[in-house]
Amino acid sequence: MASTWILLALVIAALALTHAFQESALRRLGNMLNETIDEIVVAASRTPPGERVEQIQDARTLRLLSGKYWQILEVQPDGRLTPLARSTSLWNYDLNLPADLPQRLERVLGDVITFNTDGPKDEPKKPEPLRVAASMKTIPRHDRPIIFLAALDRSEVDADTRQFATLTWIALLVMGAGLVSAVFIQVRFGLRPLFDLRNEIAAVRKGRAARIVHDYPLEIQPLAEQVNRLLDHNQEVVDRQRTHVGNLAHALKTPISVMLAEAGTQEGALPELVRRQTKVMQGQVDHHLRRARAAARAAHGLGEKTPVPEVLDELAVMIEQVFRAKDVEIDWRAPDELAFLGERQDLQEILGNLIENAAKFSRRRVRVSAGASGLGQMVVVVEDDGPGLPADQRDEVIKRGSRLDESAPGSGLGLSIVDDLTRAYGGRLTLSDSDMGGLKAVLELPAAET
């Protein structure tokens, strides 16, 4: 963007300089023409009516078609222009004049106007360019207005202008290239510390580093220190909240264990209710402990890589053994290089709960496919050939502790744990229909760079 503005400024400067040079050259040419007009006005004023105006003492106007000419015209009542005299250099030609010249001169009577026209030289392919000065005056012993014309070949002025423009463009292009190069060098090397700082911050965000460790110039070192302080503050807040949750969960485990022990020795509806609700409470406590540990690992361990194929292979073998009575077959596929950006234990718990849930409700087949989706993400799809789940109930099963099938074993926390762990890693869990007939769970999780 900066280079574009530099080039635009240089183009404007080149045009302005060329225009100024041309105007200056034409001004000098006009001064010479004004002097010629003054000489022929004096000569015409001294000549009695009816006599021929004497030639002025200018060598160029005395040489045929020399490029310098003058002519005197008389304005007739009907507007026609009658030649009274011309320079020897003009021979028997007349200067090419605009049709409205008398009217223009009449409006500025006594002043000089200038314009461009072609000369008398017979060169059709390259006409002689002339700069003409004209003035209408009244002189003694002449009743009608007289037009005085002086012309000069402007070829040299045009050539000088073109040469100046060429040199100016070359000089400014060289200057522009130098400025653009200087900007590039400044951005590429002068701002390199900022690029390095950006890369370090990106590494912290992706979990490859815990804080900024490199030294930077004095101008940006305070920024690096403030980023580190912000990271430390955020980590302190996370640690404090995680500690509170852990302390609360541990504080509840002992009373819950006592209640289970006491209720376990009693018979009746009330002890059964206490045992059932206490187990739910115990499941909730375990769930929050796992979630606190997952949040800690997500904050500290994003730099760890866990191979997805290894975890899927282990889980498939284990869950097939658990559901051996149903003869469940788990078909999984994942690229060899695919890796989860997080701890192995968390990936095992996420995928284990999903695959176990699919196997539990499947008829015989469970299909698992995993792959990278770009932008540092991977997608894991778990499907089964079971009865599926109505769309209006899918949000409900993800809620903490919700079970739509009370006859199935388990605490009902499986999908809730999956959802919580996935969110802790900045991912997402969605449920939909599978083309196998059952439920399809789609996981989005951070992927490690290969």
Side-chain angles (χ1 to χ4, degrees), residues 202 204-208 210 231 233-246 248-249 280 283-306 308 311-312 315 334 338-358 368-383 389 391-404 410-432 439-449:
V204 171
R205 181 179 60 83
K206 294 179 180 179
R208 294 196 298 267
L231 292 172
H233 174 72
N234 288 343
Q235 188 57 52
E236 181 183 350
V237 172
V238 171
D239 291 341
R240 187 164 55 247
Q241 296 302 322
R242 186 173 64 252
T243 301
H244 290 334
V245 172
L248 178 60
V280 172
Q284 297 285 1
V285 170
D286 292 339
H287 161 72
H288 282 290
L289 284 174
R290 282 193 297 266
R291 185 173 182 181
R293 288 194 296 269
R297 289 193 292 265
H300 291 290
L302 282 178
E304 184 174 343
K305 297 181 181 179
T306 301
V308 175
V311 173
L312 285 176
L315 291 174
L338 185 64
F340 169 62
L341 188 60
E343 289 208 2
R344 187 184 192 92
Q345 178 181 344
D346 292 333
L347 184 62
Q348 288 175 333
E349 188 156 9
I350 292 172
L351 296 181
N353 275 287
L354 271 184
I355 298 173
E356 182 182 3
N357 187 76
V368 183
S369 58
S373 63
L375 300 177
Q377 295 288 313
M378 71 177 193
V379 174
V380 182
V381 180
V382 179
E383 302 173 88
L389 187 66
D392 59 348
Q393 297 179 359
R394 290 169 189 164
D395 290 338
E396 185 68 22
V397 299
I398 298 179
K399 292 181 180 179
R400 197 163 49 247
S402 175
R403 294 175 58 193
L404 296 181
S411 65
L413 291 169
L415 291 181
S416 175
I417 292 172
V418 171
D419 185 58
D420 286 339
L421 289 175
T422 301
R423 290 177 182 274
Y425 279 95
R428 184 173 59 170
L429 170 65
T430 55
L431 302 178
S432 61
L439 185 67
K440 178 168 75 171
V442 180
L443 272 175
E444 297 178 25
L445 292 169
E449 295 181 359

Exactly one of Leu315, Asp346, Val368 clears side-chain contact (heavy atoms from CB on, under 4.5 Å) with Leu351, and that residue is Leu315
Salt bridge (Lys or Arg N to Asp or Glu O under 4.0 Å) partners of Glu444, counting only residues at least two apart: Arg428
CG of Leu445 to CG of Leu341: how many Å apart, nearest 0.5 Å? 10.0 Å
Which pair of non-hydrogen atoms, one from Leu431 and one from Ala441, has the smallest distance, and what is that distance? CD2-CB, 3.7 Å
I need the Leu421 CG to Gln348 CD distance, nearest 0.5 Å. 12.0 Å
Taking all non-hydrogen atoms of both residues, which atom of Thr422 and which atom of Leu429 are closest, and how far apart? CG2-N, 4.2 Å
For Arg344 versus Thr306, what's the shortest heavy-atom pair and its separation? N-OG1, 3.1 Å
Might you point out which heavy atoms bring Ser373 and Val379 nearest each other, and give the distance in Å? CB-CG2, 3.7 Å
So Val442 and Val380, do their side chains get closer than 4.5 Å, heavy atoms only? no
Side-chain contact test, heavy atoms from C-beta onward, threshold under 4.5 Å: evaluate it for Met378 versus Phe340 and give yes or no. yes
Short question: side chain of Asn353, backbone of Glu349 - any donor-acceptor pair under 3.5 Å? yes
In the structure I gave you, are the side-chain heavy atoms of Val382 and Lys440 within less than 4.5 Å of one another anywhere? no
Among residues two or more places apart or on two chains, list those pairs meeting salt bridge (charged side-chain N to carboxylate O under 4.0 Å, His left out) that have a residue in residues 371-383. Arg367-Glu383
Starting from the C-alpha separation in whole Å, work towards a yes-or-no answer on side chain to side chain contact (heavy atoms under 4.5 Å, CB included) for Leu443 and Val418. CA-CA 9 Å; Leu443 272 175; Val418 171; 4.1 Å; yes
Heavy-atom pair with the smallest gap, counting every atom of Ser432 and Leu439: O-CD1, 3.4 Å
For the CG atom of Asp420 and the OH atom of Tyr425, what is their distance to the nearest 0.5 Å? 13.0 Å
Checking Val308 against Leu347 for the side chain to side chain contact (heavy atoms under 4.5 Å, CB included) test, could you report, in this order, the C-alpha distance in whole Å, the side-chain angles of both residues, the deciding distance, and whether it holds? CA-CA 8 Å; Val308 175; Leu347 184 62; 4.2 Å; yes
